[in-house]
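Reading through the structure tokens given below for one structure.
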Amino acid sequence: MHAAALATEPVTRAIRQRTDYYAVVTRGLTKRFGKRLAVDGLDLVIPAGSISGFVGQNGAGKTTTIRMLLGLIRPTAGRGTVLGHPLGRSRAYLPRVGALIEGPTFYPALSGRENMIVLARLSGIENRRVDAALERVGLGARGLDPFRTYSLGMRQRLGIAAALLPGPELLVLDEPTNGLDPQGIAEIRAMLRSFADEGMTVFVSSHLLSEIQQICEHLVVIETGRLLFQGGVEELLAARAPELIVRTENPNHAKRLLQLVTGTGRSARIVGDNQSTILEVLADCSWAGDLNRLAMENGITLVHLAERRSTLEEAFFEITRSSAKQAIQGSDPACAAGGSDGGTKAWSEKAGRP
Amino acid sequence: MIWRSFESEWVKLRRRRLWYGSYIAITGVVLLTTIVTIAGALHHADDRGDLTLAQLAHATGLSQGLMQSGVLLGAVSFSIAAFQFGGEFSHGTLRNLLVRQPRRSVLMTGKCLAVLTFLVGAVLVATMVGLCAAFAMAHLRSVPTGAWTSGVGMGDLGIVLGDLAISTCGFAIIGMIAGVLLRSSVIAIAAGLAVLLPVETIITDAVPGAARWLPAQLLEAIAQGGSTGASFRAALITMSAYLAGAVVIAMFVFVRRDVTA
């Protein structure tokens, strides 16, 4: 089967099912290992057909959550559905789910293709789909080489190929870019985009927040097993107060401009030491003209004036540093999935800059 | 479903290194015991009742070497099975398998059957080589082999081969259970071999009648068609009960336990 043919199945299914349903919904999902609470009452909602990012620090409970979704770990409490089936009935939905969990693990002595065949046989998948999946991730030429000879990037690709085997509607990828070089990361990013274009729901956990920001439409942030945010990535970034970055000719101008700006009632600060020429002004780009005028009228020459877009990394650190770590979503899954003013408002109040 | 799991496991078992390694090890054990048994046969009976050349010339002489290989074959089979099961946890490959086959009991049953057929195949191949060695050794020691190829001789060989296959499977099932419960091939093999070989031997020597209850002793008795410690029938019944109980426990643990590897 050609790689393109492999891709058509999920598209067809996804179109058929692209109604208002969520690929994953959990309610109060909890996992306790002895005294340690790994996941604490997680209310997760992953919209179908989206690329959703799953971020959190090491030990935040991402992998445990993913394992619960895949039926590898039994939740201590809570319930949920994956592709419309209850969590406890993983055999009903796993044939439509592809997963790469905690890095690619395969049999070192077997070739990439043989490793794939081991998994394909289990699901009754034909060998031609194995070849198509290998082609899809660019491993067609190296499929017969032993897995132990693969580079880290090739291993990750093989893991993704294995996840693609069933022609999944939901693709769960746990740290797919771990250890990859920039080129490898860019390739995986392009690959994930193409999967989403074909109609798959992609749920990807990663430490690389810049990557998540580039490819994800929807975001879930957890810490110590608790939900901190879920909603649209743009929503999260827009909730942060916009900033103008200004550079003056000399430090004295910077100090003078700071006084002028604060005099208008806006927040501003000099970035760096006493000799710095850079100001951060809490204002959106619509005030850039006023700022420039204010500087000119006072004999201050600006050598740089630009709007600074927030990064997901900044938003993430703010949200995780926040001492109030309660979930900021409403109880309605539809609200929690994004598009909810409640969620966004709560974020801007709790994590937005003063 | 079980067939798919069986087929999947065989993709791994077919790999050249494992195949050659296992078959050579098992064949080596049978060859060694056959050669040592026939080479060590006495010209005249002694007080200890050791095998004599006259006894070797009987119809049952062909299978004498094979019968002695039970424990060593068992140790090899145990190790291979423990490696195949414990390795899934050690390598972290179990999670991939369970995503593709969430019915854990089906996965385990299929894997188990695949490993058992692999080992029984190895015993058959080893037996063929062992028989050739037996004829060669008989020629060297001038033992007449006419009775070996008689109907009685062939029948006895079939029975011994069957007993050996049962014994091998018993050791392999213990290995699989150790792999599943200990979740590490290295620990399972080390702990299992320590218990089955030296520890059991010491207990057998120290405690009269212990051979009737200890797994490796029972499996050895099965391989030999009965021993001084336990009759074949008693060993088979006791061992079947042990294995049934252990399989139920292992299956329960495997199905219920979280997969964190």
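Convention: sequence-line order gives letters A, B, ...; per-chain numbering from 1.
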* Give a yes or no on whether B:F252 atom CZ has more than 12 heavy-atom contacts from other residues, nucleotides or ligands under 6.0 Å away. => no
* To do: Measure distances from A:P108 to the heavy atoms of chain B and classify the residue's part below 4.5 Å as side chain, backbone, both or neither.
  => side chain
* Sole candidate of A:V172, A:I101, A:L119, A:L165 that passes side-chain contact (heavy atoms from CB on, under 4.5 Å) when paired with B:V99 -> A:I101
* To do: Could you tell me which of B:R256, B:Q101, B:R257 has the largest number of non-hydrogen atom pairs under 4.5 Å with chain A?
  => B:R256
* To do: Drop me the distance from B:R103's CZ to A:R91's CZ, to the nearest 0.5 angstrom.
  => 4.5 Å
* Asked: Of the backbone (N, CA, C, O) and the side chain (C-beta and beyond), which part of A:R67 lies under 4.5 Å from a heavy atom of chain B, both, or neither?
  -> side chain
* Nearest non-hydrogen partners of A:L72 and B:R104, listed with the distance -> O-NH2, 3.2 Å
* Return the option, out of A:G159, A:A163, A:G124, A:A99, with the maximum number of heavy-atom pairs under 4.5 Å with chain B. => A:G124
* Heavy-atom side-chain contact between B:T260 and A:I73 under 4.5 Å -> yes
* Among B:K12, B:R15, B:R17, B:E7, residue most engaged with chain A (heavy-atom pairs, under 4.5 Å) -> B:K12
* Structure fact -> Among B:S8, B:G110, B:S5, B:G92, the residue with the most heavy-atom pairs under 4.5 Å to chain A is B:S8
* Structure fact -> Of B:L94, B:L97, B:L18, the largest count of non-hydrogen pairs under 4.5 angstrom with chain A goes to B:L97
* With respect to B:V11, which candidate in A:L122, A:N115, A:I117 satisfies the side-chain contact (heavy atoms from CB on, under 4.5 Å) definition? -> A:I117
* To do: Return the option, out of A:E102, A:R121, A:E114, with the maximum number of heavy-atom pairs under 4.5 Å with chain B.
  => A:R121
* Got a sec: does the CH2 of B:W10 have more than 12 other heavy atoms crowding it under 6.0 Å? -> yes
* Asked: Between CZ of A:F106 and CG of B:N96, what distance do you get to the nearest 0.5 Å?
  -> 5.5 Å
* Structure fact -> For B:R100 and A:P95, the nearest pair of non-hydrogen atoms, with its separation, is NH2-CA, 4.0 Å
* Candidate list B:H91, B:E88, B:R95, test side-chain contact (heavy atoms from CB on, under 4.5 Å), partner A:T105, passing option -> B:R95
